[in-house]
Amino acid sequence: MTARAVEWLNGKLRILDQSKLPWEQTFADLDDYRDVVLAIKDMRVRGAPAIGIAAAYGIALGASAIRTANKDEFLVLLNQITQAFAVSRPTAVNLFQSIDRMEKAASGEGVSEVKRALVNEAKRIHREQIAATRQLSQLGAELVKDGFTLLTHCNAGSLATAGYGTALGVIKAAKEQGKRVSVLATETRPLLQGARLTTWELKQEGIPVTLITDSMAGHFMQQRRIDCVVVGADRIAANGDVANKIGTYTLAVLASENDIPFYVAAPTSTIDRSLSSGHGIPIEERNPEEVTSIHGVCIVPEGIKAANPAFDVTPHSYVTAIITENGIAREPYAEALKLMVA
Ligand code: MRU
């Protein structure tokens, strides 16, 4: 069992610092919402569902520290807190869904009552995500046959969801169903979530994993050494276009070229029905130093520029199926996803 990515303990938010894995397993107890915002920006907490859960608890923390009994003043200050979270990371829609839900949960009469309601709503969001990732993993595991080798990208496990996992959840559930499965994990440059986090999680689960560099994926597909690809998602548009970690689009095109199923596993909280296609999904640009250095060591000559988009968008035509807790969606996604989201 992987250590909890995020946990509400005695009125504080305990996070496992993912930037230090696998070298150190360090926890931090946060009681100031600004520290939660920073933890999300610095990717000590990362992965779409985990970001949404951490933000919800962070908003509850911020609200509990507001020192006025006047509801109108309280709401002005609460708005400043939610705005700080809204600008932390732009791509994962789970963050914005949490903010919406927390704002709605602040509708009660008195300030103390609202503070309690916000903690309860954050806990509810967390519980729902745990249940959703369990359920979608069970459903997705039906697509995995005994003896499969699955390719996954980035980290979409317990660390990324503060629950059971999405892409890794499907793989874990297939193993629980008694199937023999093995995994090829891409290292996921620049921040190496695959190398650092996915291999760490799978090792603890006793699931055989082989690490490859991102550029090796096509070779393994061509050699028929991959039975299917399963990845998570940061935002899914109404037409089924999928934003996920940079490099996902490349894998989807390669999978299509090699006739290999390409599955996306995500809770319905990752679906953004307000966007008709992936064109409107904001793509986070991160510090180029994440590309020009590895674990603090510069790997380029002085003055070399680097680009660092953190996500890309895979058109729905490359996606074989989208696995959610409410069912498995296939083309036409616009129709199928409408039925999945309440
Ligand atoms: O930049 P990160 O590490 O937060 O990106 C994470 C991903 O792209 C995951 O694949 C996605 O959030 C799905 S997590 C279940």
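Note that ligands are numbered from 1 as they come in the structure, with each ligand's atoms numbered from 1 the same way.
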* Taking only residues two or more places apart in sequence, or in another chain, which ones meet Thr210 in a side-chain contact (heavy atoms from CB on, under 4.5 Å)? ->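 Counting only residues at least two positions away or on another chain, Thr210 forms a side-chain contact (heavy atoms from CB on, under 4.5 Å) with Leu184.
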* Asked: Which residues satisfy the side-chain contact (heavy atoms from CB on, under 4.5 Å) test with Thr186, sequence neighbours excluded?
  ->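 Partners of Thr186 by the side-chain contact (heavy atoms from CB on, under 4.5 Å) criterion, ordered by chain and then number, come out as Leu151, His153, Thr188, Ile212, Asp214.
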* Donor on one side chain, acceptor on other, Asn326 and Thr324, under 3.5 Å ->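 On atom types as modelled, these side chains do not qualify, holding no pair under 3.5 Å.
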* Asked: Side chains of Gln193 and Thr198: is there a donor and an acceptor less than 3.5 Å apart?
  ->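 No, Thr198 and Gln193 have no side-chain donor paired with an acceptor closer than 3.5 Å.
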* Close side-chain approach of Leu95 and Ser88, heavy atoms under 4.5 Å ->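 SC-SC contact between Leu95 and Ser88 confirmed.
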* For Ser112, check side chain to side chain donor-acceptor pair (under 3.5 Å) against everything at least two apart and list the hits. =>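 In terms of side chain to side chain donor-acceptor pair (under 3.5 Å), with neighbours along the sequence ignored, Ser112 is linked to no residue.
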Quick check on ligand 1: any N or O pairs to the protein under 3.5 Å? One line per pair.
from, atom 1, to, atom 2, distance (Å)
ligand 1, 1 (O), Arg89, NH1, 3.4
ligand 1, 1 (O), Arg89, NH2, 2.8
ligand 1, 1 (O), Lys245, NZ, 2.7
ligand 1, 3 (O), Arg46, NE, 2.5
ligand 1, 3 (O), Arg46, NH2, 3.4
ligand 1, 3 (O), Gln193, NE2, 2.8
ligand 1, 4 (O), Gly47, N, 3.0
ligand 1, 4 (O), Arg89, NH1, 2.8
ligand 1, 8 (O), Asp234, OD1, 2.8
ligand 1, 8 (O), Asn244, OD1, 3.2
ligand 1, 8 (O), Lys245, N, 3.3
ligand 1, 10 (O), Asn244, OD1, 2.6
ligand 1, 12 (O), Ala48, N, 2.9
ligand 1, 12 (O), Asp234, OD1, 3.2
ligand 1, 12 (O), Asp234, OD2, 2.9

